[in-house]
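So you know, we letter chains A, B, ... as the sequences are listed, proteins then strands, and number each from 1.
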2 protein chains.
Amino acid sequence: MATMQDVARRAQVSLSTVSYALSGTRPVSAATKARIEAAMAELGFQPNVMARGLASKRSRTLALIFPAMELGISGTVQEFVASAATTARSHGYHLVLWPFPRDEADEVRDLVVGGMADGVLLMEVCLDDVRVDTLRAAGVPFTMIGRTEDPDGISYVDIDFDRTTEEAVAHLTALGHEHIGFLNHSERSREEGYAPTVRAEAGYRAAMRRRGLEPLAVLCDERPAAGRDAIAHLLQADPGLTAVVTMNEMATFGATVELQARGLRVPDDVSVLSIVTSPGVAAMTNPPLTTMHAPGAALGRLGVERLIAAVEGTSPTADPVLLPCLLEEGESTAPAAGHPPGTH
Amino acid sequence: MATMQDVARRAQVSLSTVSYALSGTRPVSAATKARIEAAMAELGFQPNVMARGLASKRSRTLALIFPAMELGISGTVQEFVASAATTARSHGYHLVLWPFPRDEADEVRDLVVGGMADGVLLMEVCLDDVRVDTLRAAGVPFTMIGRTEDPDGISYVDIDFDRTTEEAVAHLTALGHEHIGFLNHSERSREEGYAPTVRAEAGYRAAMRRRGLEPLAVLCDERPAAGRDAIAHLLQADPGLTAVVTMNEMATFGATVELQARGLRVPDDVSVLSIVTSPGVAAMTNPPLTTMHAPGAALGRLGVERLIAAVEGTSPTADPVLLPCLLEEGESTAPAAGHPPGTH
DNA sequence: TTGAAAGCGCTACCAT
DNA sequence: ATGGTAGCGCTTTCAA
């Protein structure tokens, strides 16, 4: 491979000028720069990442840790990753994914301390996440996607579950619904401290009580078949149910089927609103779902920006961000029976 | 951070001895080694990856490129990644994932040429994949997970679609089925040259014809709702259908539902066999599916081993590997009506 | 079994 | 606007 020295000789300039031309850290005349660029092109020069990293003490790499839970890597994560990668590149960084289970935080720390990455994005943060303590103790710059129970003082971006559930319930009550159920993630996810399971249910309950309505929530495995059972449970607990907020895509597939199997039309008899939803999920059912789309792309961008701020030690402390999911009208929500729009 | 020189001073040995103690490339007396290890522990020494990489001209990093198609990142991919990461580590390598769309092969090449990784694993390889040409031309060591149309001379590991579909059809004919449909991936996937769509259907057709049976295949979007339609199409084309081989998890969810909605019991009236299936999918439906589980973990291990062989230029040319999916009995296949086991 | 030292290919500071 | 050069923290050859 051609080195910077090779480029310098061919362009008849010093090595340092090539370096400066590349980094732009110091003015280089247009003519010289042109010669250098020509030389680089002719030699197929590609700067050596290791040499650059050793000299600058920065890898210009950001690592996204994904524990790959059983919940699977959803479309939201893909949006997130794509956006994070693009944002990182536009700032001169390279985003890589490190597959590490939650209990291997030490390995992550060692890699960063060893210089493989300048900072870390933590996905699927649990309410009580060991990785957070490990990274803090080691002084590794990191940003959480999600947040622990008490995230004060830690850099994070997350979904605003309070606003999301409030708006979900508001959407349905505006349509006249009063018997609104909530189909949550699995019991297992809650036991593992999966934050969305806890926060969304709390938000839903608050939104219901705020309106004097009775909350009715069920936990449900991430399987279509479990979604069918969950609907059965909800209808048994409240035969007058006219709407369901779901935060469990696999279960939602089964839920719509079970409703129809019972002769309940969606949305005429029962409305279904799927929240914290991946792109494309709306079209997966019949009728297409009304959803509240998780802000994956925005979180990716903001998370990377926050991490870079932390890595470069520039901005004092970028404030945390909470973004709600956005309502996208489909065909699975409609006015409650006896409540045509405007009459409530 | 503590450097190797710091460790050397504290252990009262030369820098090079520390290096050799760490790499094991040269004998070091037990006593010295013990002092060195003590010093490393006390200083919390972590070797600098950049310096090591610059000096040795190897990053000891392997990059897995995943284009993240719309098909989503399934459980199979997770098994694959976990296994690949473990295998890499056991060989002293670090596996990272690089999120790059198929058309950004140049970026991948430049990163490897720049020394960010020693070699590349290519996932979701299409029949005609530009990345293959780019990497070959640049002399970048790589191994395909999957294979192009004519993969001769390229290192790869893949699913054996011929054997998998042959065994799927064999399983069903052994149960007395003769009217066996095939529910494939989407038309779009085939247009994109997604190899499994093409190879599996070819294998299915061959397996049917080999038995003098009439093949009946449909392409189907990766959505439960599309799976329902697909079943309708299949039953219309062959009302005598008693079994379906599916290779489309999302569609399979809808397919079982549609069968039941039509009063066809699974497996009493129609058997469903889901092939190239992710772990956990079997339990997602009611009844649990009989599946042929994709060999994700085995492919991960073998792929990494092949790539390392290529990177280290040792073994001449590791032969390609084709592994079939493994049958896992569930409750969605049964003898064809009028064909109790043993009577065929 | 150990030590000394020459790079690896850059960045960034010192010059001019 | 440009050039010279001292490291960055290792690996590895050469010597002992």
Discussion item. With side chain to side chain donor-acceptor pair (under 3.5 Å) as the criterion, how do S16(B) and S19(B) come out once you've worked through the C-alpha distance, each side chain's angles and the decisive distance to 0.1 Å?
Written reply: CA-CA 5 Å; S16(B) 56; S19(B) 174; over 6 Å; no

Worksheet item: Is a donor-acceptor contact shorter than 3.5 angstrom present between the side chain of S29(A) and the base of dA1(D)?
Response: no

Worksheet item: How many Å lie between CG on D6(B) and C1' on dC10(D), as a whole number?
Response: 13 Å

Item to complete: Would you please test M1(B) and D6(B) for side chain to side chain contact (heavy atoms under 4.5 Å, CB included) and show each step?
Response: CA-CA 9 Å; M1(B) 272 297 85; D6(B) 298 331; over 6 Å; no

Worksheet item: Could you state the CD-C1' distance from Q5(B) to dG3(C), rounded to the nearest angstrom?
Response: 12 Å

Worksheet, complete the sentence: Result for 5'-nearest mapping on DNA chain C, choosing between A2(A) and A30(B), is A30(B)

Fill in: Distance, rounded to the nearest Å, where L15(B) contributes CG and dG9(D) contributes C1'
8 Å

Discussion item. Quick check for you: among dG9(D), dG4(D), dT12(D), whose closest atom lies nearest to any side-chain atom of S14(A)?
Written reply: dG4(D)

Worksheet item: Would you say the side chain of R26(B) and the base of dT1(C) hold a donor-acceptor pair, judged only by whether the two atoms sit under 3.5 Å apart?
Response: no

Worksheet entry | N/O donor-acceptor pair, side chain Y20(A) with base dA12(C), under 3.5 angstrom | yes

Worksheet item: So does T32(A) get a side-chain nitrogen or oxygen closer than 4.0 Å to the phosphate oxygens (OP1/OP2) of dT2(D)?
Response: yes

Discussion item. Can you see if the side chain of K57(A) gets near the phosphate of dC10(C) - specifically, an N or O under 4.0 Å from OP1 or OP2?
Written reply: no

Worksheet item: In whole angstroms, how far is the P atom of dC10(C) from the CG atom of L54(A)?
Response: 12 Å

Discussion item. Heavy-atom nearest nucleotide on DNA chain D for M4(B) versus T17(A): which residue maps closer to 5'?
Written reply: T17(A)

Practice prompt. Could you state the atom-to-atom distance from CZ of R60(B) to C1' of dC8(C) in whole Å?
Written response: 17 Å

Worksheet item: Considering only side-chain heavy atoms of A51(A), which listed nucleotide, dT11(D), dC10(C), dA1(D), is closest?
Response: dC10(C)

Item to complete: Begin from the C-alpha positions of R109(A) and D106(A) and carry the test salt bridge (charged side-chain N to carboxylate O under 4.0 Å, His left out) through to its verdict.
Response: CA-CA 5 Å; R109(A) 176 202 57 203; D106(A) 289 359; 3.7 Å; yes

Item to complete: Describe, in one word, how the ring planes of F100(B) and H94(A) are oriented to each other, choosing from parallel (under 30°), tilted (30 to 60°) and perpendicular (over 60°).
Response: parallel

Discussion item. Please report the distance, rounded to the nearest Å, between CZ in R52(A) and P in dA12(C).
Written reply: 10 Å

Practice prompt. Grab the CE-C1' distance between M50(B) and dG9(D) for me, whole Å please.
Written response: 12 Å

Fill in: Toward the 5' end of DNA chain C, by each residue's nearest nucleotide, S56(B) or S56(A)
S56(B)

Worksheet item: Between atom CE in M116(A) and atom P in dC10(D), what is the gap in whole Å?
Response: 15 Å

Worksheet entry | Pairing of E104(A) and R89(B) as salt bridge, 4.0 angstrom limit | yes

